[in-house]
Amino acid sequence: QVQLVESGGGLVQAGGSLRLSCAASGSIFSISNLGWHRQARNQRDLVAGISSGGRISYADYVQGRFTISRDNAKNTVYLQMNSLKPEDTAVYYCRITTNLYTYWGQGTQVTVSS
């Protein structure tokens, strides 16, 4: 049983910060890449990602404000969200992709008020 459990979402004012966490349990091997996505109308857009070699990428609209990181010992992925804007309001999902399968967290709501 592989599970990705997300936490850290909530309601904040514009300019505030949140840190999303994604804790993985079970056996996950051969990770190709991982990332955080937000729900669009018909898809989950990539917000930030880390390749198996440690290469980090960000969507243009979060560049300079969000930071993705990984604690291998704790099997946890984080998304530090600073200078939040109302446009960042969305459900955020963590994702881990292996050579065989893609795993998703349950989603956590981030709401930013003006």
Side-chain angles (χ1 to χ4, degrees):
Q1 295 281 2
V2 174
Q3 293 181 304
L4 304 181
V5 180
E6 299 182 31
S7 62
L11 173 64
V12 298
Q13 294 183 349
S17 298
L18 289 172
R19 188 178 74 159
L20 307 185
S21 298
C22 176
S25 63
S27 298
I28 304 178
F29 302 101
S30 302
I31 296 176
S32 295
N33 58 80
L34 56 87
W36 288 91
H37 297 245
R38 73 181 191 184
Q39 185 68 49
R41 286 180 172 82
N42 301 113
Q43 64 182 17
R44 294 174 179 177
D45 295 329
L46 181 65
V47 175
I50 305 177
S51 74
S52 60
R55 187 183 301 274
I56 297 176
S57 62
Y58 296 99
D60 290 343
Y61 49 85
V62 305
Q63 183 73 44
R65 299 188 297 120
F66 292 7
T67 303
I68 186 171
S69 61
R70 175 184 183 182
D71 187 331
N72 291 331
K74 297 181 179 180
N75 286 329
T76 301
V77 183
Y78 304 96
L79 185 66
Q80 180 67 45
M81 311 168 72
N82 297 328
S83 301
L84 282 162
K85 305 175 181 179
E87 309 93 269
D88 297 320
T89 296
V91 177
Y92 286 76
Y93 297 86
C94 66
R95 170 191 56 79
I96 296 177
T97 298
T98 71
N99 62 328
L100 296 177
Y101 197 70
T102 296
Y103 303 94
W104 292 94
Q106 83 279 10
T108 185
Q109 176 70 49
V110 171
T111 302
V112 184
S113 62
S114 60

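Contact between A14 and P86 at its shortest, heavy atoms only, is CB-CD, 4.1 Å. The minimum heavy-atom distance linking Q106 with Y93 is given by the pair O-CE2, 3.6 Å. Here the closest heavy-atom approach between residue T76 and residue S21 is recorded as CG2-CB, 4.4 Å.
Between the side chain of Y58 and the main chain of I68, a donor-acceptor pair closer than 3.5 Å is present. A donor-acceptor pair under 3.5 Å is absent between the side-chain atoms of S83 and the main chain of R65, judged by distance alone. Between the side chain of E6 and the main chain of G107, a donor-acceptor pair closer than 3.5 Å is present. T89 places a side-chain N or O within donor-acceptor distance of the main-chain N or O of V112, the cut-off being under 3.5 Å.
Following chains of ILVMFWY side-chain contacts shorter than 4.5 Å, one cannot reach I96 starting from L46, and the two form parts of different hydrophobic clusters. Cluster membership for V91 and W36, using ILVMFWY side-chain heavy atoms within less than 4.5 angstrom, is not shared. Both L4 and L20 are part of a single hydrophobic cluster, where members link through side-chain heavy atoms under 4.5 Å apart. Under the 4.5 Å side-chain heavy-atom criterion for Ile, Leu, Val, Met, Phe, Trp and Tyr, V77 and V110 are members of the same hydrophobic cluster. Under the 4.5 Å side-chain heavy-atom criterion for grouping Ile, Leu, Val, Met, Phe, Trp and Tyr, L84 is not connected to L11 through any hydrophobic cluster.
Taken to the nearest 0.5 Å, the CD1 atom of I31 stands 10.0 Å off from the CD1 atom of I50. Atom OH of Y101 sits about 15.0 Å away from atom OG of S32, to the nearest 0.5 Å. With values rounded to the nearest 0.5 angstrom, Y92 atom OH is found 7.5 Å from L79 atom CG.
No more than 12 heavy atoms of other residues, nucleotides or ligands lie within 6.0 Å of CD in Q13, so this atom counts as exposed by the packing criterion.
Residue pairs satisfying the disulfide bond (SG atoms under 2.5 Å apart) criterion with at least one member in residues 47-88, sequence neighbours excluded, are absent. Screening residues 12-114 for disulfide bond (SG atoms under 2.5 Å apart) gives C22-C94 as the qualifying pairs, with residues at least two apart or on separate chains.
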task = Evaluate the side chain to side chain contact (heavy atoms under 4.5 Å, CB included) criterion for residues H37 and W104: first the C-alpha distance (whole Å), next the side-chain angles of each, then the deciding distance (0.1 Å), finally the verdict.
result = CA-CA 10 Å; H37 297 245; W104 292 94; 3.8 Å; yes
query = When you look at Y103 and T98, which way does the side chain to side chain contact (heavy atoms under 4.5 Å, CB included) test go after all the steps?
reply = CA-CA 8 Å; Y103 303 94; T98 71; 4.0 Å; yes
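Side-chain contact check for R95 and N33: at least one donor-acceptor pair (N or O, by modelled atom type) lies under 3.5 Å.
Looking at heavy atoms from C-beta onward, D60 lies out of side-chain contact with Q63 at the 4.5 angstrom threshold. F66 has its side chain out of reach of L18: every pair of non-hydrogen atoms, C-beta onward, lies at least 4.5 Å apart.
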